[in-house]
There are 4 protein chains.
Amino acid sequence: MMTPRLSVQRKEQLESERKAQILRAALTVFARKGFRGATIAEIAKKAGVSEGTIYNYFRNKEDLLLSLPREILAPPLAAHFSPEKEAESPQNFLEKVLMASLEQFTANVDLIRVLLASVPVMDEAAREEYLRRTVLFVSDFLEKYFQKEIARGTYRSLHPSVLARTFFGMFFVFFVTQEILLGKRTVPLTYEEIAKEAVDLFLHGALASKAN
Amino acid sequence: MMTPRLSVQRKEQLESERKAQILRAALTVFARKGFRGATIAEIAKKAGVSEGTIYNYFRNKEDLLLSLPREILAPPLAAHFSPEKEAESPQNFLEKVLMASLEQFTANVDLIRVLLASVPVMDEAAREEYLRRTVLFVSDFLEKYFQKEIARGTYRSLHPSVLARTFFGMFFVFFVTQEILLGKRTVPLTYEEIAKEAVDLFLHGALASKAN
Amino acid sequence: MMTPRLSVQRKEQLESERKAQILRAALTVFARKGFRGATIAEIAKKAGVSEGTIYNYFRNKEDLLLSLPREILAPPLAAHFSPEKEAESPQNFLEKVLMASLEQFTANVDLIRVLLASVPVMDEAAREEYLRRTVLFVSDFLEKYFQKEIARGTYRSLHPSVLARTFFGMFFVFFVTQEILLGKRTVPLTYEEIAKEAVDLFLHGALASKAN
Amino acid sequence: MMTPRLSVQRKEQLESERKAQILRAALTVFARKGFRGATIAEIAKKAGVSEGTIYNYFRNKEDLLLSLPREILAPPLAAHFSPEKEAESPQNFLEKVLMASLEQFTANVDLIRVLLASVPVMDEAAREEYLRRTVLFVSDFLEKYFQKEIARGTYRSLHPSVLARTFFGMFFVFFVTQEILLGKRTVPLTYEEIAKEAVDLFLHGALASKAN
DNA sequence: CATGAATGAGGATTCATTCAT
DNA sequence: AATGAATGAATCCTCATTCAT
């Protein structure tokens, strides 16, 4: 009785892979059709499994949605936004943050699409969890940076939260407008060029009358 | 034989009122449940009409969604963002724009919610129409303003589109994060204070080392 | 607005008829397939309505089951077992009760089938309600009768509850065994003959040695 | 080459034990959820085996149901109701039969529950088999007894079948009502007291006017 | 025009059964 | 022989839409 053919470890790995496979399919379909518009049948087909199999790994459709940020987004985000070598020039540091964010966002356009569509409809707890793992993750990272640097006299003494979100917003809105809402580029600049200009703007302001 | 009880004009007015009444209900429900999650029954109940009546004024559920920006948002927006007295100081002008936007956004949180959730799922044409009447409306207005003022030497010679969306984004992200995503205020500042700081930041930059 | 074409009364009558029509179909199918084995599709077909219509009148499948005794059985039962002319001879009275019960049971074989199959699986509250409207209804009626008659010296001083259920059981088992369990008659006597013998037995006992 | 580890006999015994273990689990779950409501998964869990294993011992779910009376109930029943020492006084004998039945019923409440729920839905053959091994088993035993005793002049010359089922029903209805339908005792008497009263009633009748 | 009952297609979910390991 | 993941048919229920009144 009870003869495990596979080691527990191997089994867990297989299970984890299967979950990821299903979640990737779910993400694609959610992004394309919205949560309600997505059907389990379509997700199953795209994942290459039967409908029933999905329910062996997730409690229900909503569980798929709620598992997305935890299983898909968390690892790369954590890797990117760790409090390390911030000892660079502001321009360099902020540009790097923007480009890293961009990379993440681009790799997860679908997830952001899902987030914008689904978060407002979620209940309190799910919403918190979802945001903490995505938008707020980057925002908090920046806030801490600004706090430290304001203390060091690098930045003007403004509210760190305002600095963080303002900086984040300058760029994020570009991204969302083009990639999520419009679905196409409307400004004839690369993201790298935009990032450079945005950081410059953020650091030195828009006014020409600096000399005065 | 049958004399018309109501003049054609009066009739049209009544019809228009009825449409607005239904659309307001639809907006509320869409915002709360998402497009797919909303039911005609609930919209009908909230509008105080029967389900069948809705189909006398709108072709189908999707028509309700697509009619929202045209009928609900357009008039007030047009009133606010007309190319008039821009001859103020940049700080004053931009603060006014932000506060006016804020007013519009606050009055239409529901519509933005619907927009973020539904636009990505819409087809090309509907998406264009939707955005042109909302986000892009303000953005274009700002772009024209920056174009003119750059020419006049007020602002540095950056891409007007970048300036417009960057400026817009600085503030909009606050709004969306707090009102739409989180559903509550997390920064201990009023929007007026935030607007002031954001404009200051936008004009003069974040760096402390200006003096040098 | 709001022009009711039908009087409220007429509407209620129509609704009531429709409910009855659906319940009759449900009863038949439940009896034949059991509660879980019955499908809404089959009930709908037998009732001559669409599946959706059923949900306009009943919350869900379980509501159909729970509505059965209240809507189908209650009226005729109440009519039959009212505390009236009990001033007959015991033999006459008890025979009449048995024959009346028989009539009810025969007319509601299906309901008893459903009751025996479903009641044990129901939750406390539903079970109480169900039994109070069926088995216990007759049983309580008999109990009150025996209580009164024992006081008058007609019957031996046994526990009225025991008398009631014992008497009821003598006959009921015939009915259930034949009509519900076996599905066919196995005793070569009519129910009328059985009732006569059962009452005789109940009143005078089975022993032959009375004379002694 | 391969020497059998277990003797054929031992093997059969193990198989038989495993079957019994699964059937006991099935009985419990069927009783609690009904046949359709029971899931193989739950039965497997309760039996401490995997779902697949069940199919090594039983063809399918229905086979579990049909195997119940043969494997679970038959042996003890046969032991109890054998045609032996009937040479006791009627009161003694009948009381013993009732108490023995009671013991069997109490030990098999679940089986009776399943029987009442499932038998009406079974096909002809299965129903016969099921009943022959349960209710009719006792009933036939009694019928033979009454037949013999009527010939000996102990009982009045009534139909033996009527006597048997009547006697059986007097008590059985108590049991079913309390244990199966209501799920609780509602009469303040022990089953032993009820059995005594029921036998007394059966033998001597309910009428007080015996003396006359 | 307004109503709301009826419709039935569509979709989430369950679960008996199979079969590779 | 035992396992339990995978399967997909089956089924309850929802809801946009229609249409007779």
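Chain naming here is simple, since letters A, B, ... match the order of the sequence lines and numbering starts at 1 in each.
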Point to revise | Base-pair map of DNA chain F as dot-bracket, where | denotes pairing with a different strand and pairs are Watson-Crick or G-U under 3.5 Å | key: .||||||||||||||||||||

Review point. Are B/E42 and B/K46 within salt-bridge range, i.e. N to O under 4.0 Å?
Key: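 Judged by the 4.0 Å cut-off on N to carboxylate O distance, B/E42 and B/K46 do not form a salt bridge.
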
[N] phosphate, OP1 or OP2, under 4.0 Å from [X] side-chain N/O:
X: A/T53; N: F/dT7; result: yes
X: A/Y57; N: F/dA6; result: yes
X: B/R59; N: F/dT17; result: no

Nearest to the side chain of [X] - [options]?
X: C/N56; options: E/dA5, E/dG11, F/dC12; result: E/dA5
X: A/R36; options: F/dT3, F/dC15, E/dT13; result: F/dC15
X: C/Y55; options: F/dT14, F/dT17, E/dT17; result: F/dT14
X: A/I40; options: E/dT17, E/dT13, E/dA2; result: E/dT13
X: B/V49; options: E/dT3, E/dA6, F/dC13; result: E/dT3
X: B/T39; options: F/dA16, F/dA6, F/dC13; result: F/dA16

**Study point:** 5' priority, DNA chain F, between C/G37 and D/G52 [closest heavy atom]
**Key:**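 Upstream on the strand: D/G52.
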
Practice item. Take B/A38 and C/F35, find for each the nucleotide of DNA chain F with the closest heavy atom, and name the residue whose nucleotide sits nearer the 5' end. Key: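 Of the two residues, C/F35 wins.
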
Check your understanding: What integer distance in Å separates A/D63:CG from E/dT13:P?
Key ->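 Going from CG in A/D63 over to P in E/dT13 covers 10 Å.
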
Exercise for review: Examine the base of F/dC13 for any acceptor or donor lying under 3.5 Å from a partner atom in the side chain of C/E51, and report the outcome as yes or no.
Suggested key: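 In this structure, the two groups form a donor-acceptor pair.
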
